[in-house]
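These notes are about the structure you will find just below.
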Amino acid sequence: MDEKPSTRKIPKFCSLRYGLALIMHFSNFTVITQRVSLSIAIIAMVNSTQQPGLFNASTERPLAFTLNRSNRSTKEFNSGASVYEWSPETQGIIFSSISYGIILTLIPSGYLAGIFGAKQMLGAGLLISSLLTLLTPLAADFGVILVIVIRTVQGMAQGMAWTGQFTIWAKWAPPLERSKLTSIAGSGAAFGSFTILCVGGLISQALGWPFIFYIFGSIGCVCCLLWFMVIYDDPMHHPCISVREKDHIVSSLAQQSSSPRRSVPIKAMVRCLPLWAIFTGFFSHFWLCTIIITYLPTYISSVLHVNIRDSGVLSSLPFIAASSCTILGGQLADFLLSRNLLRLITVRKLFSSLGLLLPSLCAVALPFVASSYTTTIILLILIPGTSNLCDSGFIVNTLDVAPRYASFLMGISRGFGLIAGIISSTATGFLISQDSVSGWRNVFFLAAAVNMFGLVFYLTFGQAEIQHWAKERTLTRL
């Protein structure tokens, strides 16, 4: 039976925890812009005589290669900056390196954040990623090996920045506000994708491609300053929090204490079907999301025959929709809980269903409306928008079932998501390289099937109660 925490009136949007959510929104914005910046800059970085193939197994490669093929001369964009003779194979390795770096640190950083504190772990990851972004243009002059090393280390730093967030929310987010707070923070990634796709090309054209790294690396350093000044691991030690807010947070989390633990119950986790339901949800969600992020410009260019400038703008529109839906979904989910309209597990399964079923329907419909420009754009906007409703479903579910291990489990969950992204990118590249028309149809049908599998599994085994192995154990001395 889901417990109903107190719903007494307390300050909300002017409170410290919402300020924390905004800072975390800013940090997620920074991380995603630093990750995607190379995909935009490489159009001008690589010699225009290097004509790469259209498709490749790299997780980000098709974006840069499509832009290279359909773009005008590189000289128009680089504004005198260096141009490199990087082969398509080399570009693929560079793009893939950040994903492998993220995978390396997702699980250990989540575990360490729960022990040593998420503030230091996330802040260090964000600072390292920002500094390496600033150094990327210099590294490119020294050689491709150094660029690959920097991207790999940057991925490791970003893995640290992603996972520790749930350790903070386990101590800061009252149960009835979890969806709202985590959705505000998480929407920074979608807004960052929208921003970098909109302005990245303009920055490269006006100032030169190195300034993409300089600007977003500097923004990251500013974010780090705010992070270390404002963020604390828990409300008990924050010097600026009001007594009223502190008492509200502490009392609402009284049933979910998150004191330090000595070990992680790995065996119990492996046998826990509700956890596997969350992992399966992540796998399904990231499968389709990665296809959209990576191949959206390719699809718009090849199917709608749109030029590169319009393609960049159109490619950014789905991410502003995703950001808006993330926040609105969190507001609605917590409204349903605070008014006792639905049980917690019902809310989680409802938003998981909407976030997996609706984008699947849009994806399946895409091949049949390819002749309609307007309908295709609407469906492409709806896919990431509706998909982000999952943020109020299984994505936040680790805070319900195991708040003590939320950061560690988030690392594992994102690991499943990254694996799904690598597989889906490879499969998509293979399918559409065989035949464009039937290839795209098979890509979307396969993505819908994966989503349906994840949805059925989550609806069958998903839970919202704290698992027995995740509860505090009180030792009684005789």
Side-chain angles (χ1 to χ4, degrees), residues 21-22 24-29 31-33 35-36 162 165-166 169 173 177-198 278 280-296 315-336 347-363 366 377-399 410 413-414 416-418 420-421 424 444 447-448 450-452 454-455 458 462:
L22 290 176
M24 210 169 289
H25 173 98
F26 190 22
S27 70
N28 286 330
F29 169 93
V31 167
I32 199 68
T33 54
R35 182 179 182 184
V36 179
W162 279 121
Q165 295 182 26
F166 272 57
W169 289 129
E177 298 176 31
R178 282 175 178 166
S179 299
K180 198 179 302 180
L181 290 167
T182 55
S183 64
I184 292 173
S187 63
F191 185 60
S193 299
F194 167 79
T195 302
I196 189 66
L197 285 170
C198 269
I278 295 173
T280 305
F282 266 85
F283 186 91
S284 303
H285 174 68
F286 273 75
W287 183 286
L288 180 56
C289 286
T290 303
I291 293 174
I292 295 299
I293 291 173
T294 305
Y295 285 90
L296 184 57
S315 297
S316 68
L317 292 179
F319 298 102
I320 196 65
S323 181
S324 301
C325 287
T326 299
I327 296 175
L328 293 175
Q331 297 282 337
L332 179 58
D334 283 341
F335 172 80
L336 294 173
V347 170
R348 296 292 180 245
K349 290 187 175 181
L350 171 63
F351 280 86
S352 297
S353 299
L354 294 174
L356 291 175
L357 179 60
L358 294 180
S360 298
L361 294 176
C362 293
L366 269 175
I377 293 300
I378 291 174
L379 291 177
L380 289 175
I381 292 174
L382 286 175
I383 289 176
T386 56
S387 182
N388 274 27
L389 293 174
C390 290
D391 282 23
S392 298
F394 56 79
I395 289 181
V396 74
N397 199 196
T398 52
L399 285 173
M410 178 52 64
S413 300
R414 287 193 178 275
F416 273 89
L418 285 171
S424 66
F444 293 128
V450 172
N451 268 11
M452 290 302 96
L455 175 57
Y458 183 77

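FYI, side chains are in, hydrogens and waters are out, and symmetry mates aren't considered; it's all heavy atoms of this structure.
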Approximate separation, where rounding is to 0.5 Å, of F29 CZ and L22 CG: 13.5 Å

Minimal non-hydrogen separation, A322 against A190, with atom names: CB-CB, 3.8 Å

Ring geometry between F286 and F282 (parallel below 30°, tilted from 30 to 60°, perpendicular above 60°): parallel

Pairwise distance NZ(K180) to CD1(I327) - rounded to 0.5 angstrom: 12.0 Å

For the student: nearest non-hydrogen atoms of H285 and C390, plus distance: ND1-SG, 3.9 Å

Option from L455, T280, L356 for which side-chain contact (heavy atoms from CB on, under 4.5 Å) with F394 holds: L356

S352 side chain to K349 backbone, donor-acceptor under 3.5 Å: no

Side-chain donor/acceptor of S424 to backbone N/O of W287, under 3.5 Å: yes

Rounded distance [0.5 Å steps], CG in L382 versus CG in L358: 8.5 Å

Heavy-atom pair with the smallest gap, counting every atom of S413 and T398: OG-CG2, 4.4 Å

Rounded distance (nearest 0.5 Å) linking atom CE of M452 with atom CG of L357: 4.5 Å

Nearest atoms (heavy-atom pairs only) where L389 meets G329: CD2-CA, 4.1 Å

Minimum side-chain heavy-atom gap T182-L399 below 4.5 Å: yes

Separation of I278 CD1 from I395 CD1 (nearest 0.5 Å): 10.5 Å

Side-chain heavy atoms of V450 within contact of L288, under 4.5 Å: no

Where Y458 and R348 come nearest, the two heavy atoms and their spacing: OH-CB, 3.5 Å

Heavy-atom pair with the smallest gap, counting every atom of N451 and S284: OD1-O, 2.8 Å

Under 3.5 Å: donor-acceptor pair, side chain of N28, backbone of A185: yes

Side chain to side chain contact (heavy atoms under 4.5 Å, CB included) between F351 and L336, intermediate numbers included: CA-CA 11 Å; F351 280 86; L336 294 173; 4.2 Å; yes

Side chain to side chain, L361 and T386, heavy atoms closer than 4.5 Å: no

Atom pair CD/OG1 of Q331 and T326 - distance to nearest 0.5 Å: 12.0 Å

D391 and V396, any side-chain heavy atoms less than 4.5 Å apart: no

Aromatic plane relationship, F191 with F194 - under 30° parallel, 30 to 60° tilted, over 60° perpendicular: parallel

